[in-house]
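As structure tokens, the structure follows; a few thoughts come after it.
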Amino acid sequence: MKSKNVSLLKGAIFITLWIFTLNAFAQVLTVRGTVTDANGDALIGVTVQVQGTTTGTVTDMDGEYTLPNVSPNATLEVSYVGMQTEVVSVNGRNRIDIEMSDDTEVLDELVVVGYGELRRREITGSVTNVTSESFNQGVTRDAADLLQGKVAGLRITTPSGDVTDGTRIRLRGVSTLQNDQGPFIVIDGVPGGDLQTVAPQDIESISVLKDASSAAIYGSRSAGGVILITTKRGSGLRPRISYDGYLAVSSIANKPDLLTADEWREYARNSGSDPSVYDQYGASTDWFDEITRKGISQNHSLSLSGGGSNNNYRASFNYLNSEGVVRDNDMERYNFRFQIQQRAIEDRLRVSLTGSATMRDFNQSNRYNFVLAYNMLPVYPVKLGNGEWFDTREYDQGNPVRNQQYNQNLRKNLHYYGSGDVLFNLMEGLDIKTVLYKERRSEERSQYNHSETQAGRNDGGYALRENRIWDKSLMEWLLEYNTNFGASEEHGLNLLAGYSWEENEYSFMRASNRNFTTDLLGANNLESGQGLRPSDVGSSRNMNRLISFFGRAHYSYMSKYMVTATLRRDGSSKFGANHKWGLFPSVSAAWGLSEEAFMDNVNWINDMKLRVGYGVTGNQAGLDPYRTLQLYGTSGTYYDNGAWLTAYQISQNANPDLKWEETAMFNVGVDFFLFNNRLSGTIEWYDKRTKDMLYTYRVPTPPFLHSDMMANVGDMSNKGIELALSYDAVRSSNFTWNTSVTLAHNRNEITSLSDDVYTTSRILVGDAWVRGGSGRTTHVVEEGYPVGQFYGPDFIRIDDEGKYVFRDSEGNETNAVTAEDYTYIGSAQPDLTFGWSNQFNYKNWDLSFFLRGTLGNRVLNMGRMTYGHPGYLIGANALNDPLIHQLSVVPEYSSLYVEDASHIRLDNLSLGYTFNTNNISWLERARVYATGQNVFVITNYKGLDPEVDENRNNGLAPGVEDREYYPKSRTFSVGLSLTF
Amino acid sequence: MKKIFKLTSITLALVLIGGIFSCTNLDETVYDTIPADQFGQKPAEINAIIAPIYKTLKSVWPGDVFLLSEQAGDMAITPTRVGGDWWDGGVHMVIKLHTWHARNGLINGSWNACMSGITTSNQIYATIENTEMDADLKARTLAEIRGIRAFWYYILIDYFGNAPLVADYTSTELPGMSTRQQLYDFVVSELNEIKDVLRADVTSESYGKFTQGAAYTLLAKLYLNAEVWTGTPNWQGVIDAADKVMSLDYIIEPNWKTNFEVNNEVSREIILPITFGKSDGGNHMHYRTLHYLDPIALGMNIGTWNGVSAQPNYVKQFDDEDLRKEGSFLMGPMTDPSTGEVLITGHARPLIHTVDFNIIPGSIREGMWGEVHQEEGARCNKWVFEKGLSSSDQENDFAIFRLADVYLMKAEALLRLGLNNSEATRLINVIRERGFGNDSHNHASVTLDDLYMERRLELAWENSNRQDMIRFGTFLDPGYLRPNPSPDHLLLFPIPEAAWETNNNLVQNPGYPAF
């Protein structure tokens, strides 16, 4: 009807006029109908909308709807929470009954994968997608909190109770010796994101790319897996305003059992020591109570969204204020996010703009206050009778309350970015897209230690200001082609080619001073200090650039046979001159077994897909800029004729061979939906092998100038099996119960630490410092053993003299072990990680609980080792532990303190009520809920919490509850969600 | 198919455009460090490149090199304190009890200090050799670098005897072992080659540099120990070298403490110092030795460690009238200036630094080694504590070599040769008279025993004790906490196992389990 020769502009004008004409003069209908579910029950409150317009209605108590003024050619969109959205053409009918199906039929929804989207049915790699309906509730700081326990093999741990501390994320085990950063974060397609910049309430869905065939398209940064976050977008259907808010109260979940004043007095009496020097204040102080509190947190999230037929927009604001259970720990966060998208030129051009700003003000706790609280005697007062502070200069002692009250360590963090992407449809199925992105992150730190407090007294007051800036620029070009061909279009082809250019720059400066006449100025007037030293100022700056070419081809035949191949070539300025470019290929295939004709009669299988994939990914997170170059750096000062001048020295053993670490992974899996979609799940097995692991090896001096050097040497292996099951135990119109389980087993092993040049078979790592216990290591990095392998003396018992009895290398008992007697005493990595969630819905009520835990991992209870002995009693406090009556020697690291940390935690318990808003035209949704988090832990572990920091000592000495461990909190919250 | 063809051509075009548009440039822009080929042309830059050789000396004292020497001898001790402070797996105990092994941290640290000093010298030598600069200055600079390298080889010869001999930075081979004799010959020949190229002045400009005075003193040290190290004595060499040093502008400072003051760079007795400054740190003796509460009594603001003390018998050798006794050791009650009362430790005991240690019954760890109370033990008081010091290292320089030592070396050589006892007596009395503040304790004539004692009184805490004991044959004798004589092989420390792990060409010293 239109000539192809008509210019684009003319065409656009014509179409516009044509649409107007149609709207003005066409005949209109009134459409009626009933919406029911699969059981034939009427669905109340279902949205029925004329697609592309704001005309719409909701179904009444009988599931009936009436829509006047509908064009006979219109299309209706029918949507309801928990149901799949249906799209129906009117075709001139005036009665349309619609049966909606459960959302478990998710196979046709689009899932975000690397640089694109694919229908779930078509995916050949291992991708787990979690959408906002199934996110965790309660106090959620970032995306990781939403995902906890939802993805088999994704281990999310909370290192401490510090509200400013992020979670640690690991996918399918550790795959580097260089401070495993966990999965690579991609936010709305922008690689290398920070979870803090996205408020949980703004997230629509999260895809986790678990295997290398899915992740390889992210090349040299994807060895730890990839997490793709997609934020909510406005919909063209109706303008919405949503509010989400909660108020939470946190209290310390587990407090160390220290001697109370009375217990200490009794101990002193029995020990025969004279307590009068200490016990002269008549005090009875619980120092942990003094430094902790009930932390109040609140979150308010407001968003608006909407759009028309050619555009959509969404803007949101989120405020989070979180108080730690320790008095000097809190965080305030503001997130702003704005997205707008518009189409033009017959929908062939699509332009999106996104802006995001995150501001965080946070006070990190001074963890040394825990050491003080452990050691300070319960008979010491916080303040003396005359109102003055009590304090002492005894080793590892001092008044922690005074530290908290007078000292400050405030960080202000600003993180903003903007991106624009332009997509143009070149021809049918062929799109070109460009993305331009600019990000700046800055952090200012302002610390002051008051001159009278333990932390500041030796400096006469200490002030520090630091400033950091991270800049990132990114440009991407993408070309994507989609087509179906064949007689009945049974062949599907999706091709993608891309180019990416990314530059990062980091700069830092610091200034400090000490010896202040007055504490009134804090860290706001550094120049007033009288103890400035040359080393009190510092600065640095560096950059790196990453350039990539990548492509993907995906082919499918009737959703039966699918194959995907990807290839990425990454070049990084950080790599050595001899290895500037790396190649990261992958291939995967899937077989939609249930689509086969011979499966037609197998009714209990609704869907089944077998997958197999292999890919190569890389990691370069452990490689800092400039490591490959021969450089002069400053090296303090030197004395020359009465003056102190700056010395320069070759700063490192340059290694021009440095490159990425390479991880190859083979993955097989099966996805299934069985028994009328009641039971669904995934079982996967993988074999992941990392080679050329970066590590800073010890090298001989001479010939090398420095005694260590970074090189790509070792190999590591991770093998595992994962299971995710979801079962609709009860499906009735009033009551539903879904229960789901995730199980993951991973076996990690270092397979090599040597090559022709660098040879080492065993690296002792980890510090177990206690008074008098320097120079002891806790873990070993060794061929044939996993990362996190505890290595130390094997404890048997404590003898009558109060000495440890260990097993020596010959199996005999001994009091004194040597290095030969050290042995393998457990691993910090669990044999099994599990999660079990349950969701109940009864009428308007919903109840969920989520248990998670681990089996077989061990944790070094440094708290017990440090404070569970009598050495400094009665001058310092100790744990009320049998060991203080048994031991007579310096605490010594051994298997005694490496405890089984298998545990089950009731991580989340939520009860919600959704109001019936059918009769309130201005209110779409209203829900109230109450949540308890970290409600209880069942474990034999004797310390404060069996889940501790995974990243300790660059991740090589994990599984240690340190002597300054910040205890976790138990949180109860009430929340409200409203959508207008 | 047509579609696919079109697609391919568009893809190709795009890749081409991408390639031209923003290229594939992966060069690093280096901001906070300097590519090695762009630095070291201007005189100030050259000076800054040389500096690290002198900074290596900071590891001589008061860290591992010091602790190993003075604790293996009979001067210092880091006792295990009640509750277990400073037990540290017995790292200090095995040195004191002569039960050390190739894994000991102090031994490893000392070895690494030497190797780092030598390799740093080699690297900087190679750099300066290829730098265009004034010919005389270059010759002198290269001589200074060789001098510092010779010093580190001297420590290796003294502590380990056998070690790799590497003088070429460009060699990338893993070195094997050289004998003590080979190292000795190398150092003597190096010093003889450079001694007259070095500057001879004793001025603030030459302070802290490797000078002619340092070269001759180091030669004297080698000759002094030649009998022990090579089997062939060279006492006349000591006298000649010492005479040369004494002919330079050094003086015996009238006030002994001038050598140990906070600003002791004014001392003209110091021949080769480690220059310590607050801007660079390094002198942490006050942290190491003082009790947690001592700073209150001394008017300092520092969080100290309560570590190293003097061995009781060493302190007891001192005559009470010898000013060097209190000048070397902090003893007696420590009082709080604000109350005038003796401070009380965390174990409810008065803070009185006793000379003796009392092993707490039931706390024995190995042999006679057990725990002692926090306050026990005389502390190092030789380097003057800086009043009002806030949380910082001290600035007092450490004299690796000073003229008093040269006097005593010459006196010893004279006595060993049986020559000119009156000159030896004069030399010793100069030191002794200053030490007592009067001449009433002067010797009329001296024996080797008098000389040995005088060295001990003068050079406490100054890394001299172990070497002297070995030369005088007392090192292996039973001593404090050590009731039995030690086997001969302990005259050398073992090659650290950690060093062997990175270089399998190293061979263990005799008497120790082979690698």
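Sequence lines set the chain letters: A, B, ... in the order given, protein chains first and strands last, and positions in each chain run from 1. All values below come from the heavy atoms of this structure, side chains included, with hydrogens, waters and symmetry mates left out.
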Which atoms of P175(B) come close to chain A, meaning under 4.5 Å heavy atom to heavy atom: side chain ones, backbone ones, both, or neither? side chain
So which of W305(B), Y54(B), F39(B), Y169(B) has the biggest tally of heavy-atom pairs under 4.5 Å with chain A? F39(B)
Is any side-chain heavy atom of Y632(A) closer than 4.5 Å to one of Q38(B)? no
Please round to the nearest 0.5 Å and tell me the distance separating atom CZ of R569(A) and atom OG1 of T24(B). 8.0 Å
Set out, in order, the CA-CA distance, both residues' side-chain angles and the distance that settles side-chain contact (heavy atoms from CB on, under 4.5 Å) for Q649(A) and T120(B), then state yes or no. CA-CA 9 Å; Q649(A) 186 166 26; T120(B) 301; 3.6 Å; yes
Trace of the side-chain contact (heavy atoms from CB on, under 4.5 Å) decision for T502(B) with Y758(A): CA-CA 8 Å; T502(B) 59; Y758(A) 307 92; over 6 Å; no
As an exercise, state the distance from OG1 of T29(B) to CZ of R545(A), rounded to the nearest 0.5 Å. 6.0 Å
Counting C-beta onward and ignoring hydrogens, is there a side-chain heavy-atom pair between P35(B) and Q630(A) closer than 4.5 Å? no
Below 4.5 Å, heavy-atom pairs only: which of I302(B), V91(B), I296(B), V166(B) has the largest tally toward chain A? I302(B)
Ranking T33(B), T275(B), D85(B), V30(B) by heavy-atom pairs under 4.5 Å to chain A gives rank one to D85(B)
Side-chain contact test, heavy atoms from C-beta onward, threshold under 4.5 Å: evaluate it for E28(B) versus N542(A) and give yes or no. no
Turns out that what part of N815(A) lies under 4.5 Å from chain B's heavy atoms comes down to neither
Under 4.5 Å from a heavy atom of chain A, the part of D168(B) involved: neither
The interface call for Q397(A) against chain B, heavy-atom contacts under 4.5 Å, is neither
Taking side chain as everything from C-beta outward and backbone as N, CA, C, O, which of these in I364(B) sits under 4.5 Å from a heavy atom of chain A? Side chain, backbone, both or neither. backbone
Any side-chain heavy atom of I547(A) sitting closer than 4.5 Å to one from L26(B)? yes
Heavy-atom pairs under 4.5 Å with chain B - which of L629(A), D274(A), V277(A), D459(A) has more of them than the others? D459(A)
Identify the heavy atoms of A48(B) and T646(A) that sit nearest to each other, and give their distance. CB-O, 3.4 Å
Can you give me the closest heavy-atom contact between P702(A) and M115(B), atom names plus distance? CD-SD, 3.6 Å
Could you tell me whether a side-chain N or O of Q123(B) sits under 3.5 Å from a main-chain N or O of L705(A), the two making a donor and an acceptor? no
I'd like to check W644(A) versus K278(B) (side-chain heavy atoms, cut-off strictly below 4.5 Å). Are they in contact? no
Any side-chain heavy-atom pair of S363(B) and S888(A) under 4.5 Å: no
Honestly, the part of L506(B) sitting under 4.5 Å from a heavy atom of chain A is neither
Given a strict heavy-atom distance threshold of 4.5 Å, which part of W581(A) is in contact with chain B: side chain, backbone, both, or neither? side chain
Of the non-hydrogen atoms in Y278(A) and T345(B), which two are nearest, and what is the gap between them? OH-O, 4.2 Å
Before you tell me yes or no, could you show the steps for Y31(B) and E505(A) under side-chain contact (heavy atoms from CB on, under 4.5 Å), namely the whole-Å CA-CA distance, both residues' side-chain angles and the distance that decides it to 0.1 Å? CA-CA 10 Å; Y31(B) 288 117; E505(A) 191 176 304; 3.6 Å; yes
Side chain, backbone, both or neither: which part of I118(B) has an atom under 4.5 Å from a heavy atom of chain A? neither
Salt bridge or not between E820(A) and R103(B)? Use side-chain N to carboxylate O under 4.0 Å. yes
E45(B) versus chain A, the contacting section by heavy-atom distance below 4.5 Å: neither
Interface moiety of E265(B) toward chain A, non-hydrogen atoms closer than 4.5 Å: side chain
Looking only at side chains, do N515(A) and S390(B) share a donor and an acceptor under 3.5 Å apart? no
Any idea how Y639(A) and Y207(B) line up, ring-wise: parallel (<30°), tilted (30 to 60°), or perpendicular (>60°)? perpendicular
Going through the distances and angles, do M300(B) and N458(A) end up as a side-chain contact (heavy atoms from CB on, under 4.5 Å)? CA-CA 8 Å; M300(B) 306 166 85; N458(A) 286 334; over 6 Å; no
Honestly, the part of S171(B) sitting under 4.5 Å from a heavy atom of chain A is backbone
Out of L293(B), N301(B), D37(B), I344(B), return the one with the most heavy atom pairs under 4.5 angstrom to chain A. N301(B)
Non-hydrogen atoms of I650(A) and A36(B) that approach each other most closely: CD1-CB, 4.2 Å
By a 4.5 Å heavy-atom criterion (distance strictly below it), what part of N544(A) contacts chain B: side chain, backbone, both, or neither? neither
Against chain B, label S572(A) side chain, backbone, both or neither, depending on which of its atoms sit under 4.5 Å from a heavy atom there. backbone
Atom group of H706(A) that falls short of 4.5 Å from chain B, counting heavy atoms: neither
Contacting moiety of S392(B), where chain A heavy atoms sit under 4.5 Å: both
Measuring from atom CG of D27(B) to atom OG of S573(A), what distance do you get when rounded to the nearest 0.5 angstrom? 9.0 Å
Ring centres under 6.0 angstrom apart (Y395(A), Y292(B)): yes
I need the minimum non-hydrogen distance between V889(A) and R365(B), along with the two atoms involved. CB-NH1, 3.2 Å
Proximal component of R393(A), with respect to chain B [non-hydrogen, under 4.5 Å]: both
How long is the gap from OG1 on T701(A) to CG on N112(B), to the nearest 0.5 Å? 7.0 Å
Salt bridge flag under 4.0 Å for residues R541(A) and D32(B): no
